[in-house]
Protein chains: 2
Amino acid sequence: MATNKARRVTMSDVARHAGVSRTTVSFVLNERADAGIPEETRLRIRASIEELGYRPNAGARALAAKRSEWYGLITEIVTAPFAVDVIKGAQDRAWADGKFLLITAGDRDRAMEAAAFDKLLEQRAEGLLYATTWHRAVTLPPAAREVPVVLVNCFDADGALPSVVPDEVAGGHTATRRLLDAGHRRIGFINLDTGIPAAVGRRQGYEQALREAGLDIDDSLVVPGHATADGGYAAACELLDREGDRPTALFCGNDRMAMGAYDAIKERGLRIPDDIAVIGFDNQELIAAYLRPGLTTVALPFEFMGAKGVDMLGALTAGQPLDTTQMKVDCPLIERSSV
Amino acid sequence: MATNKARRVTMSDVARHAGVSRTTVSFVLNERADAGIPEETRLRIRASIEELGYRPNAGARALAAKRSEWYGLITEIVTAPFAVDVIKGAQDRAWADGKFLLITAGDRDRAMEAAAFDKLLEQRAEGLLYATTWHRAVTLPPAAREVPVVLVNCFDADGALPSVVPDEVAGGHTATRRLLDAGHRRIGFINLDTGIPAAVGRRQGYEQALREAGLDIDDSLVVPGHATADGGYAAACELLDREGDRPTALFCGNDRMAMGAYDAIKERGLRIPDDIAVIGFDNQELIAAYLRPGLTTVALPFEFMGAKGVDMLGALTAGQPLDTTQMKVDCPLIERSSV
DNA sequence: GCGCTTTAGTAACGCGCGTTAGTACGATGT
DNA sequence: ACATCGTACTAACGCGCGTTACTAAAGCGC
């Protein structure tokens, strides 16, 4: 706490200590290959930096150089761990690009979110990533137009902003296909309950896979449910207790619903995967890995989307055009023991 | 993307547009009550700011004012949602204090963590919060000494840095007490498996509560387990299948273990809470709220710890001394239906 | 000994802003 | 009529740095 009032070491201090001009120190710091500094001087300056504990002032540097070298990430920080993976992917990629990534939670309320944009822009972020926890359309505050922005796991309502989203159709197809490959022919689908992209896309993929396998679509096998364990439980009950032949496999709209489905199945004395196969969606580690047996599921590629978002941001800030405004990324299958 | 190369609006632009000097604009922006600016001028300047879309440059401002008005938060971003609550608490509190909070993930590797400190210090953060996902001792990179730092959910190995941690003893006491109040006398304790503060403290609280109730400590009722659902399952089996009278209640070291314990209990045809009561720890929403029946558990007050950490940081940066180096905060009981 | 090139630097400006010291001007008191 | 005082500003400096333009000295060929 003693270091509080002490004036911090500046480049001039380093220059004086090394017996050179401030310009020379700057050249060494920025490793400018032109205007050649001899090795001996370089080392002397580096030694002075070390000895004095000099630390460049990023604000002053950004001011003079007119670029800040960092991106901002605004994300909904909710209990779901999704945001976490986006952060990982984005931060690692930014780091590899020599950029820094600063994060802000944006889900408190609308005003706070706008304030987050303002703050990040005041800090002169070179670009912004905006990530949501569930795939949907968003509208950003007007401030977002002042700097390159890439949307992650969401898309602009009026299609102007570039985005990277999961390929829901392919994901639904992958899950269904996996069950088909295991020999199942009557596959129940506990879908998410509204017209959100995940529900629409996954159902489309589900039907497509069935059709490719030469099967008819049986609408009574598709039951919407609330996106919770209880919702999954109720929907699973409905499918398991139906008249006629019940499904031999359940494709659940997310892992929480699969968790409920497990309960319904176990209650009826059925075993997973022997009597009924279950496949989930989201690959929510806390659930999927700890359910017994482990839940085979389709992962949302949050980490990859985060990384890809940074890539796109890099291209945008460099002034390069993007080949596609909306990039769809695949959802990989995670095998455990429920199929 | 067109706004990329355009020079940004500066205070001078605003001054020119409003027909005043830059100083006057600065006074208005900083709402300096002395050197009175008449209402009319103030409004004119505000109008110019609006019209030109002026946005202050935080870097330049920090440079001139010698303070940045923001804190940094370095946290392990792991799949567990704990960090998320710390972020919420810290961000809201910082916001209320007129400070901004920028977050960085620090758990990739040691080098990246040190780099995160460096970067935040280069940006001239006024103070740093360092948060972990599980309560333990940490050692920070030396750079951490350059600025006030508060540890959240962890503590400095050599006790020099201020910290805010959960009161594990009180938490263990609370959980045990709840079961005692429900009439249980034989309470099994599935503890975390190593000498970490959580395991040590909670056991201490458990024993203390039993003693206060006039009960003897039966060491055979305390079973350590791996901190997973499988670990909880195994430990629960051991307790349920033991010789002699089995416990009527289980206190689980965390919610994941409780999840496993549920399975063990259900397998034996026992019902929760009628035949066996279960209480968890952590209040991990994804598990506790979605288990059936809902898991009564003790919450780790992450959000509150985050807020408290910011408070301490505020005091430190203001040069005020702290009353305690280590602050312990209570772990509240979350009632659901498993007791 | 002279001009030319390379080496090894440096002086000085400006980035956008906060702040201090000072000024012009009208109103007030006597 | 003049000194005094508040009002409403402004000029100018410096924060720490990147960068451009320039220079002094050394090396080299003839």
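The structure displayed is predicted, hence computed values, not measured ones. So you know, we letter chains A, B, ... as the sequences are listed, proteins then strands, and number each from 1.
- Relative ring orientation between A/His135 and A/Phe155 is described as perpendicular, the plane-to-plane angle rising above 60° on a 0-90° scale split at 30° and 60°.
- At distances below 3.5 Å, not a single donor-acceptor pair connects side-chain atoms of A/Gln123 with backbone N or O atoms of B/Gly59.
- A donor-acceptor distance shorter than 3.5 angstrom exists from the side chain of A/Asn153 to the backbone of A/Thr132, with no hydrogens or angles considered.
- With the nearest nucleotide of DNA chain D identified for both B/Ala64 and B/Ser21, B/Ser21 has the one nearer the 5' end.
- Of the possible donor and acceptor atoms, none in the side chain of A/Thr41 sits under 3.5 Å from a partner among the backbone N and O of A/Ile37.
- Near-neighbour residues of DNA chain C inside residues 41-51 of chain A, defined by a heavy atom below 4.0 Å, number-ordered: A/Thr41.
- With a cutoff of under 4.0 Å to any heavy atom of chain B, the contacted region of DNA chain D is bounded 5' to 3' by D/dA8 to D/dG16.
- Side chain of B/Glu122 to backbone of A/Asn57: no donor-acceptor contact under 3.5 angstrom is found.
- Taking the charged nitrogens against the carboxylate oxygens, A/Glu126 and A/Arg67 have no contact shorter than 4.0 Å, which rules out a salt bridge.
- Rounded to whole Å, the distance from CZ on A/Arg32 to P on C/dT7 is 16 Å.
- Note: CZ (A/Arg22) to P (C/dA12) measures 13 Å, nearest angstrom.
- Residues from residues 52-63 of chain A placing a heavy atom under 4.0 Å of any atom in DNA chain C, listed by number, are A/Leu63.
- Rounded to the nearest 0.5 angstrom, A/Thr104 OG1 and A/Leu102 CG are separated by 7.0 Å.
- Rounded to an integer number of Å, the gap from A/Arg16 CZ to C/dA11 P is 13 Å.
- Formation of a donor-acceptor pair under 3.5 Å by the A/Thr317 side chain with backbone atoms of A/Leu313 is found in this model.
- A salt bridge is absent between B/Asp13 and B/Arg22: the closest approach of a Lys/Arg side-chain nitrogen to an acidic carboxylate oxygen does not fall below 4.0 angstrom.
- Of the charged side-chain nitrogens involved, none lies within less than 4.0 Å of a carboxylate oxygen, so that B/Glu40 and B/Arg46 do not count as a salt-bridged pair.
- A donor-acceptor pair is defined here as one N or O able to donate and one able to accept, closer than 3.5 Å; no such pair exists between the side chain of B/Asp85 and the backbone of B/Phe302.
- Among the atoms of the strands shown, only primed sugar atoms or phosphate atoms (P, OP1, OP2) are found under 4.0 Å from some heavy atom of B/Thr10.
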